[in-house]
Amino acid sequence: MNTISGFSKMSKAQKIEWLATQVEGEAKDMVSTLSDFWHPSAELQKRFDEFSENTLTNYDLPFGIAPNFMINGKLHAVPMVIEESSVVAAASLGAKFWLDRGGFKATVLSTLKVGQVHFQWQGPKEKLTAFFAEKKSELLSSVSFIIENMEKRGGGIVSLELVDRSQDIENYYQLKISCETCNAMGANFINSILEEMARVLKLMVKADDRFTGTEKEVHVIMCILSNYTPDCVVEASVECPIEDLGTFAGGLTARQFAEKFAIAVRIAEVDPNRAVTHNKGIMNGVDSVVIATGNDFRAIEACAHAYAARDGQYRSLSRVSLENDVFKFTLKIPLAVGTVGGLTMLHPIAKTSLAVLNNPSAAELMEIMACVGLAQNFGAVKSLITTGIQKGHMKLHLLNILNQLNATPEQIEKGKEYFSDKVVSFTAVRNFVQSMNNVQ
Ligand code: MEV
């Protein structure tokens with residue numbers, strides 16, 4: 001592999017050509033076929049190219065729908081983008097199961113987002129605190145030109161505080177803002193406010209006669225929103241009388257199921273090893289909708305896991321109660337998402353996803369995502385405590401392996417039949433396809 005300069009200036013075709021010269025053997029042909037994945041519409045392809053940098057081609061993922069989601073009395077067919085088999089199936093089964101039992105309830109508990117100017121300042125703490133108290137409204141007014149439009153929509157800065165962290169790092173303070181960003185995720189909005197406030201703070205301190213020597217300098221380290229949003233939280237739940245849960249594979253009665261389910265969730269509450277996998281199941285559902293709607297799944301992931309560890313131990317994001325013979329399953333999760341701005345309106349399929357969901361507000365989208373996460377979690381734990389996870393998983397996994405081995409449609413049908421009562425492994429499926437090829 002050689003270094004190159006000016007790569008970003010090359011056309012997509014040139015980039016592919018260059019990369020092909022840098023790899024060996026089979027990889028050469030593979031790289032050369034990357035252009036096969038370009039979109040037939042040059043206009044759309046240009047848009048995709050511009051989402052990121054050094055783009056060579058597109059990377060396809062399945063877009064599916066989980067129908068029958070009754071959420072707060074409204075029926076949704078939820079768009080999901082995910083590569084993992086069984087996830088959309090589990091969400092759909094969960095949606096159908098709860099459709100017959102009253103559907104999902106979801107409530108947004110709070111919608112605040114946070115941003116911080118991290119800075120260092122050397123001097124007596126009391127002096128800075130008194131200065132901040134006096135100048136706080138001036139600092140807020142200094143960014144009014146940025147928040148004007150957001151305020152018209154009902155948002156803006158909800159609080160501004162000076163945080164003293166000098167006990168953790170010498171001379172370290174923060175300006176911390178909490179914002180209401182309405183239907184926007186708000187990253188650009190918050191970052192713009194922070195950078196302007198930092199600039200103004202520096203000037204104000206420098207110009208103030210009460211400060212002398214080192215006190216005149218505010219050393220701004222960085223200005224950035226926090227993706228930790230414990231005050232942007234939604235709660236989703238399902239409930240029904242235990243008796244109405246029905247009967248389950250393995251001959252489990254409704255009560256046995258409910259009790260086993262509650263222990264399984266309790267295990268994820270007390271054991272981090274299990275909690276991570278349990279929450280991964282929740283995120284299978286949440287992320288699929290986050291991606292389908294053009295939201296930032298890295299931000300959602302980072303925040304969800306920090307929130308799961310908010311009391312010092314990583315725990316399950318969902319809980320079960322069996323009080324008064326009622327099975328109640330609840331998920332509480334921070335979801336800082338938007339339905340305007342960013343990719344939501346630029347990516348044609350994200351736009352379609354939002355249209356399919358009837359163009360929800362950010363709060364409604366939070367509710368939908370949480371319900372899909374809960375359905376997913378219900379489906380995963382239900383499988384785990386009844387049939388085991390492999391049964392459902394392997395059906396789709398089998399199809400993936402057959403496709404990977406270039407099985408013909410006839411071989412796929414025969415394979416499904418053959419493996420209906422056998423353990424699926426890559427070797428077993430390869431042997432099966434080879435034996436069929438030998439017969440032909
Ligand atoms: C697999 O992607 C997700 C599960 O492992 C979740 C869980 O164990 O609860 C099935």
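Counting begins at 1 with the first residue of the sequence. Since this is a predicted model, take the numbers as computed values, not measurements. Whatever order the structure lists them in is the order used to number ligands and atoms, beginning at 1.
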Gap between atom CD1 of I333 and atom CG of L374 - 0.5 Å precision: 10.5 Å

Side-chain heavy-atom pair F48, S41 within 4.5 angstrom cut-off: no

Salt bridge (Lys or Arg N to Asp or Glu O under 4.0 Å) partners of residues 417-434, not counting sequence neighbours, each pair once: none

Closest contact, heavy atoms only, L335 versus A370: CD1-N, 4.0 Å

Exceeds 12 heavy-atom contacts within 6.0 angstrom, atom NZ of K46: no

Sub-4.0 Å heavy-atom environment of ligand 1, residues by chain: E84, R274, T277, H278, K280, G281, N284, A380, L384, I389

D49 side chain to Q45 side chain, donor-acceptor N/O pair below 3.5 angstrom: yes

